[in-house]
Enquirer: 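So that we are looking at the same thing, I have put the structure below in structure tokens.
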Amino acid sequence: MENIRNIGFIAHIDAGKTTVTERVLFFTGRTYKVGSVDEGTAVMDWMPQEQERGITITSAATAVFWKDHQLNIIDTPGHVDFTAEVERSLRVLDGAIVIFDAVAGVQPQSETVWRQANRYGVPRIAFVNKMERVGSDFLRAIETINKRLEANAFPIQLPIGEEGNFTGFFDLIELKAWYYHGDEPVEPVEGNTPEGMENQIAQWREHLIEKVAEVDDQVLEKYLEGQEISVEELNNGLRKGTLANSIVPVLCGAALKHKGIQPLLNAIVKYLPSPSDVPPVDGEDPNTGEVIQRAPDLSDPFSAIAFKVAVDPYVGRLTYIRAYSGTMKAGSAVYNATKGHRERISRVVIMHSDKREEVEDIQAGHIYGVIGLKDTFTGDTICAQDSQVVLEPPQFPSPVISVSVEPRSQADQEKLEEALRKLAEEDPTFLVRYDRETGQTLISGMGELHLEVLVDRMKREFNVQANVGKPRVAYRETITKPIRVEGRFVRQSGGRGQFGHVWLEIEPLERTGGYVFENKIVGGVVPREYIPAVDSGVKEAMDNGVLAGYPVVDMKVALVDGSFHPVDSSEIAFKIAGSMALKEGLQKGRSILLEPYMQFEVTTPAEFLGDVLGDLNSRRARVMQVEGEGEYQYIRGTIPLGETFGYTTTLRSLTQGRASQSMEFSSYEQVPEAMAQQLLVKV
């Protein structure tokens, strides 16, 4: 197990994740020909949509071998619309390589993936890519990592040459210079230290030792005594600091020119954790709620988490799992502890992009694809039935954009429903719901590109012809003042009636506060068995607000009083009473509309800055920062999602196609009064 590395490549879109992964596949002997993203021949971008657009859409898994170590690799998307792929991958990975553009440094999506890695405590190393580009600056890129990401990142290599003259690197640990001759995929060759770099090398070597001394007492002791520190001691200290998430070693390279890949592979093996370096995973007993730990040990009871579901055209439903403890043979029955039922694993495979290699059993510490699980979805835990545990599932953001979809013909109706069901099973950020008022089927996702790709997949993979409506913003409703309301449901129709009576106190919560239900009943005025029904009724009523039928968010509901009838009271009566009380509370609590705001970064040549700012102001954007760097200006701020449809096209026309932008969901904020009135008139 010490020789396994479960790692992922994460970064902003276009930083070069897939290009790096393709070189890794080539240098480890997994492929015999280097794939190209631009030519659509990248092994890891196997979907037609990925090859056409030149971007990664779905995370792809593979396994390679380097110096007696097995590297289970996941290549993730960089586009914000597919952030769920990064989220679910980081949940199951032990380490990550964060790739940065040597010209741009930290970009908006770099910050997002960094935060996601922080959330799951994933140790990482950084790789500054594209060193051959004009304007590349290795040390400035590291500066942006430390400044914007609040990381403790420092170089363990220094580049030799700049931009088009980038020819190799100086290893600050072994104090050796390595050169690449030409742009062919070859091994680096050791050479002489370049003249004029001596001072820079001495300065950064000293810096490296100081940083390692902060996390390793043995190195600190030798450093203070002025003793020579060996390569092995430095490497051990770097590994210790990386595993503790207190330091981030930084390497450099130019993946497109095949430079820097072998040292990166060596760093993965040296510094990133094996499954046995990771602490035991916490779970809970589904029956008692007790905390249970599962160690990465083959002798522990079997446990694994499903982190992705895909529909494979050849084998059907394929579930990706990460095994945390124990072993399990193919053909065995397992227990889905999340759902509470048995499943059977018919086959086990190791994935290589869209190819499969069959194996006989599952072993702790590895990532597999399994076939045969019919009712196991993303986030579900499978385990041995006699030793049940539920592991923490990944958390996904809520969809922010919706479109209506309808079949072109009656014959397509059933096929459409089936396609939407399968796509929703695969993607936890893709939601399908039927709007009874309009009679439309609405699909929701993380952005225009996300929905565009899913509709394209419907047509190609499921052969469904559908008409798609214009994008709609996923508005929300909330209350603005605390209120106390009564809900009373009484029905008499001869024989046994229905009686439910509750008093609720409802108060607004801060943004992203979600929904909180509190039971404040004393003296049994509402029997304990009816309280979950009140909660359920409130939740049901929150699905449709009173202003325009949008879901209600960010409020606390306390059940404070009520009464019951010994014969007529029932769960359904209290559920309806709770629902009635909430509807009245929304009327009296001064409900308002909320709209999603996106955090944006626009990169534009300085000559177009005025036009771009003017356009952003007309879209109700709040510009927080304008920063110049060379001939480019970086504009950062927030903008309402409803104002961003078609923005990329407008930006290109304003800047002769030279500007670029990226966005990610930020928060929900109140819709201005005048605009809210217009929206409500439309409804």
Side-chain angles (χ1 to χ4, degrees), residues 1-10 66-74 86 89-100 113-127 142 145-146 149-157 171-174 207-223 229-251 263-282 293-297 300 305 322-325 364-367 391-392:
M1 201 177 288
E2 290 74 28
N3 289 354
I4 298 169
R5 299 289 182 272
N6 293 312
I7 57 163
F9 291 102
I10 60 175
W66 181 257
K67 297 191 174 173
D68 299 327
H69 287 71
Q70 180 175 333
L71 313 184
N72 296 321
I73 297 172
I74 296 182
V86 185
S89 301
L90 284 172
R91 168 63 185 85
V92 299
L93 292 172
D94 300 327
I97 298 92
V98 191
I99 298 172
F100 296 94
V113 298
W114 195 270
R115 284 199 305 271
Q116 289 171 312
N118 282 343
R119 189 180 311 138
Y120 295 112
V122 177
R124 63 215 87 144
I125 57 180
F127 181 72
I142 295 175
I145 295 169
N146 288 325
L149 306 178
E150 298 177 355
N152 186 16
F154 55 88
I156 58 172
Q157 298 174 344
D171 187 329
L172 289 169
I173 297 168
E174 297 189 354
H207 185 62
L208 168 64
I209 293 170
E210 284 173 8
K211 289 288 188 184
V212 174
E214 288 173 10
V215 296
D216 190 304
D217 293 340
Q218 191 179 347
V219 174
L220 177 62
E221 198 176 310
K222 282 196 161 188
Y223 176 63
I229 297 161
S230 70
V231 169
E232 190 180 352
E233 286 167 335
L234 271 179
N235 278 329
N236 289 342
L238 276 168
R239 180 175 176 77
K240 188 187 288 186
T242 306
L243 296 192
N245 260 320
S246 53
I247 57 177
V248 179
V250 187
L251 299 91
L264 176 63
L265 285 163
N266 292 335
I268 290 167
V269 167
K270 283 178 195 167
Y271 309 129
L272 289 180
S274 71
S276 53
D277 293 317
V278 178
V281 64
D282 284 340
Q293 287 197 326
R294 285 281 186 268
D297 194 316
D300 257 32
I305 194 164
R322 159 70 195 267
Y324 280 99
S325 61
H366 282 282
I367 290 170
L391 304 176
E392 182 196 351

Enquirer: Of all the heavy-atom pairs spanning N72 and I367, show the shortest one and how long it is.
Expert: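 Heavy atoms only, the tightest pair is ND2-N, 3.9 Å.
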Enquirer: Has R294 got a side-chain atom pairing as donor or acceptor with Y324's backbone, closer than 3.5 angstrom?
Expert: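 Checked: no pair found.
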Enquirer: Can you check whether L265 reaches H69 side chain to side chain, under 4.5 Å on heavy atoms?
Expert: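 Not in contact.
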Enquirer: Go through the structure and list residues passing side chain to side chain donor-acceptor pair (under 3.5 Å) with E214, not counting sequence neighbours.
Expert: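 For E214, no residue satisfies side chain to side chain donor-acceptor pair (under 3.5 Å) once neighbours in sequence are set aside.
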Enquirer: I need the N3 CG to L71 CG distance, nearest 0.5 Å.
Expert: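 Those atoms lie 10.0 Å apart.
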Enquirer: Taking all non-hydrogen atoms of both residues, which atom of P273 and which atom of R5 are closest, and how far apart?
Expert: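 Smallest heavy-atom distance, with atoms named: O-CD, 3.4 Å.
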Enquirer: How many angstroms lie between atom CD1 of I99 and atom CG of L251, to the nearest 0.5 angstrom?
Expert: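 Between I99 CD1 and L251 CG, I get 11.0 Å after rounding to 0.5 Å.
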Enquirer: Evaluate the side-chain proximity of I4 to H366: yes if any heavy-atom separation is below 4.5 Å, no if none is.
Expert: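 A side-chain contact under 4.5 Å exists here.
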Enquirer: Side chain of T242, backbone of L272: donor and acceptor closer than 3.5 Å?
Expert: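 Absent.
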Enquirer: Can any side-chain N or O of R124 pair as donor or acceptor with the backbone N or O of G95 at less than 3.5 Å?
Expert: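 No.
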Enquirer: Quick one: closest heavy-atom pair of S274 and E2, and the distance?
Expert: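 Here S274 and E2 meet closest at CB-O, 3.5 Å.
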Enquirer: Taking side chain as C-beta onward, heavy atoms only, is L238 less than 4.5 Å from I173?
Expert: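 SC-SC contact between L238 and I173 confirmed.
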Enquirer: Would L93 and I74 count as a side chain to side chain contact (heavy atoms under 4.5 Å, CB included) here? Give the steps.
Expert: CA-CA 8 Å; L93 292 172; I74 296 182; 4.0 Å; yes
Enquirer: So do the side chains of W66 and I268 get within less than 4.5 Å of each other, counting heavy atoms only?
Expert: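 Heavy-atom side-chain distance check fails, nothing below 4.5 Å.
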Enquirer: In Å, rounded to the nearest 0.5 Å, how long is the span from CE of M1 to CG of D277?
Expert: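 Answer rounded to 0.5 Å: 11.0 Å.
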Enquirer: Quick one: closest heavy-atom pair of P280 and A295, and the distance?
Expert: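 Smallest heavy-atom distance, with atoms named: CB-CA, 4.0 Å.
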Enquirer: Would you find a donor on one side and an acceptor on the other, under 3.5 Å apart, between the side chain of N6 and the backbone of G365?
Expert: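 Such a contact is found between N6 side chain and G365 backbone.
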Enquirer: Please round to the nearest 0.5 Å and tell me the distance separating atom CG of N118 and atom CG of N245.
Expert: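 It is 7.0 Å, given to the nearest 0.5 Å.
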Enquirer: Is the ring pair H207/F154 parallel, tilted or perpendicular, if the boundaries are 30 and 60 degrees?
Expert: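 H207 vs F154 ring planes: perpendicular.
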Enquirer: Measure from the side-chain N and O atoms of N146 to the backbone N and O of A153, and report whether any donor-acceptor pair falls under 3.5 Å.
Expert: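 Looks like yes, one N/O pair under 3.5 Å.
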Enquirer: Go through the structure and list residues passing side chain to side chain donor-acceptor pair (under 3.5 Å) with Y223, not counting sequence neighbours.
Expert: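 For Y223, the residues satisfying side chain to side chain donor-acceptor pair (under 3.5 Å) (neighbours in sequence not counted) are E206, E210.
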Enquirer: Could you verify whether a donor N or O on one side chain and an acceptor N or O on the other, from D282 and Q293, lie under 3.5 Å apart?
Expert: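 Yes, side-chain donor-acceptor contact under 3.5 Å.
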Enquirer: Got a sec, which pairs hit salt bridge (Lys or Arg N to Asp or Glu O under 4.0 Å) with one end in residues 89-99, sequence neighbours left out?
Expert: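 Found D94-R322.
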Enquirer: Taking C-beta and beyond as the side chain, do V212 and I229 meet within less than 4.5 Å on heavy atoms?
Expert: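 No - every pair of side-chain heavy atoms lies 4.5 Å or more apart.
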Enquirer: Side-chain contact, heavy-atom cut-off 4.5 Å: N236 with Q218?
Expert: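 Answer no - side chains too far apart.
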Enquirer: State, to 0.1 Å, how close G237 and I247 come at their nearest heavy-atom pair, and which atoms those are.
Expert: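 For G237 versus I247, the nearest heavy atoms are O-CD1, 4.3 Å.
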Enquirer: Are V113 and Q116 packed together at the side-chain level, in the sense that at least one heavy-atom pair is separated by less than 4.5 angstrom?
Expert: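 Side-chain contact under 4.5 Å: yes.
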Enquirer: Are the side chains of I125 and L264 in contact, using a 4.5 Å heavy-atom criterion?
Expert: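 Yes, side chains in contact.
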Enquirer: Might you point out which heavy atoms bring A96 and L90 nearest each other, and give the distance in Å?
Expert: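 Looking at all heavy atoms of both residues, the shortest contact is CB-CD2, 4.3 Å.
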Enquirer: With rounding to the nearest 0.5 Å, note down the distance linking NZ in K67 to NZ in K270.
Expert: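 Atom-to-atom, K67:NZ and K270:NZ are 7.0 Å apart.
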